[in-house]
Amino acid sequence: MSHNRTKQWASDMSLGIRFAVGIVAITAALLTVAIAQEPLRTAVDGTFAPHAMPRMDGGVEGFNVDLANAIGARLGRKVDIKAAQFSGLIPGLQAGTYDFLAAPTTVNEERANNLLFSEGFMDTNFAFVVRKADAAAYKNLDDFRGKTIAVNRGSAYDMYLKSKADEYKWKIESYGTNTDAVAAVLARRADAALAGNTVSAWAVKQTPGLALSYEIKTGLVWALPLRKDNAALRDRIDRALECLKLDGTMARLSEKWFGVKPESGTTIVTPTPGYGVPGMAGFVPDDHKPSCDNLSL
């Protein structure tokens with residue numbers, strides 16, 4: 001083969017290789033775009049009002065449904081929301097059925113050792129519901145001393161009341177549902193009812209004659225769980241939550257679903273430094289500045 005023909009062959013080979021590499025790069029880019037356009041898959045407990053509950057026309061609605069959609073909007077992704085029993089949500093996440101869970105999930109040590117959490121989106125506290133006419137009488141926990149307190153039987157709130165019953169001389173009336181516990185307050189069979197702060201706020205919003213009363217701080221937060229191997233998505237969701245706190249979305253959702261304007265400094269309106277929940281496994285210290293810039297996946 002002559003020198004010129006050899007040179008031409010080498011040039012053609014080089015062009016062919018560059019062309020092939022270019023095709024691979026374009027294909028990879030198109031695949032990446034296609035993946036990015038697929039909906040994020042998530043799930044909620046569709047019976048936990050006002051966080052997620054059935055709509056009259058089908059599907060679910062509630063605070064966490066709106067929250068999941070707001071996160072998707074900030075990330076530039078649609079969100080496919082399924083309703084399922086809470087007991088099946090974490091197994092479904094671990095099996096790869098969901099990308100993250102939109103259901104409010106209390107972050108504790110056991111869960112943090114097995115899941116990756118976003119930063120907290122809300123404090124998960126306990127709150128009393130009282131009759132509106134009596135609301136001024138209750139300013140602190142001691143004002144409930146010796147009172148009859150209604151509660152959902154077997155709940156965390158029931159266990160809390162029982163653990164403090166000797167100290168506060170409470171008479172505890174346990175009911176099969178929180179709805180029945182609230183009805184006992186209206187019917188004057190109980191002085192107050194105790195439940196989660198958001199569930200109590202929802203009951204007050206839906207029931208004339210009731211008032212939201214003293215809130216017991218637990219030091220715990222609700223956050224959004226992901227699999228341990230999905231840190232990149234966790235960090236993006238974390239930053240989206242920070243944005244939603246900064247731009248007023250979280251405050252608006254609180255007023256829409258709970259009838260409560262969040263206090264300054266509470267988790268629902270205050271970005272948390274780093275990624276995840278401080279003090280829990282999976283937390284990553286980081287000095288990024290919370291903002292609404294460059295969030296799209």
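With respect to W257, the side chain to side chain contact (heavy atoms under 4.5 Å, CB included) criterion is satisfied by exactly one of E61, H51, R252: E61.
Between K245 and E119, at least one side-chain nitrogen of the basic residue sits less than 4.0 Å from a carboxylate oxygen of the acidic one, meeting the salt-bridge criterion. Salt bridge present: K256 and D66 bring a charged side-chain N and a carboxylate O closer than 4.0 Å. A salt bridge links K217 with E215: the distance from a Lys NZ or Arg NE/NH1/NH2 to an Asp or Glu carboxylate oxygen falls below 4.0 Å. The pair D99-R41 meets the salt-bridge criterion, with a side-chain N (NZ, NE, NH1 or NH2) lying under 4.0 Å from an Asp/Glu carboxylate O.
Annotation: Y214 is not in aromatic contact with Y138 [ring centroid separation under 6.0 Å not met].
No hydrogens or angles considered: a donor-acceptor pair under 3.5 Å links the side chains of D180 and T177. Counted by atom type alone, S118 and D238 present zero donor-acceptor pairs between their side chains at under 3.5 Å. For the residue pair W222 and T105, no side-chain donor N or O sits within less than 3.5 Å of a side-chain acceptor on the partner.
No donor-acceptor pair under 3.5 Å is formed between the side chain of T207 and the backbone N or O of L210. Under a 3.5 Å cut-off, the side chain of N125 and the backbone N or O of T218 do form a donor-acceptor pair. Looking at D123, its side chain does come within 3.5 Å of a backbone N or O of T267 through a donor-acceptor pair. Within the 3.5 Å criterion, the main-chain N or O of D134 finds no donor-acceptor partner in the side chain of R131. R77 contributes a side-chain N or O that, together with a main-chain N or O of E38, makes up a donor-acceptor pair within less than 3.5 Å. Side-chain atoms of R55 come within 3.5 Å of backbone atoms of V60 as a donor-acceptor pair (strictly under, hydrogens ignored). Panel note: side chain R234, backbone L226; no donor-acceptor pair is recorded below 3.5 Å. No donor-acceptor pair under 3.5 Å is formed between the side chain of R239 and the backbone N or O of S291. Judged purely by atom type and a 3.5 angstrom limit, R145 uses its side chain to pair as donor or acceptor with the backbone of E167.
Applying the disulfide (SG to SG under 2.5 Å) test to residues at least two apart or on different chains, the pairs with a partner in residues 218-248 are C243-C292.
Under a cut-off of 6.0 angstrom, the local environment of CG in D229 is crowded, with over 12 non-hydrogen atoms contributed by other residues, nucleotides or ligands.
Nearest heavy atom pair, residue A184 against residue A150, reads CB-CB, 4.2 Å. Residues A127 and S200 approach most closely at O-OG, 3.0 Å, considering heavy atoms. When all heavy atoms are compared, the tightest approach of A49 to W202 is CB-NE1, 3.9 Å. Residue D45 comes nearest to A103 through the heavy atom pair N-CB, 4.0 Å, listed as atom of the first residue, atom of the second, then distance. F100 and T42 get closest at one heavy-atom pair: O-OG1, 2.8 Å.
The CZ atom of F144 sits 6.5 Å away from the CD1 atom of I149 when rounded to the nearest 0.5 Å. Note that the CG atom of N69 and the CG atom of L253 stand 10.5 Å from one another [nearest 0.5 Å]. Considering CG of L141 and NZ of K164, their distance stands at 8.0 Å, rounded to 0.5 Å. The line from CG of L194 to CG of N152 is 10.5 Å long, rounded to the nearest 0.5 Å.
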- Message: One pair to check against ring-ring contact (aromatic ring centres under 6.0 Å, His included): F258 and F63. What are the steps and the verdict?
- Response: CA-CA 9 Å; F258 313 136; F63 177 92; 5.0 Å; yes
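Within the 4.5 Å cutoff, the side chain of L67 has heavy atoms near those of the L244 side chain. Contact check for Q94 versus R227: side-chain heavy atoms found under the 4.5 Å cut-off.
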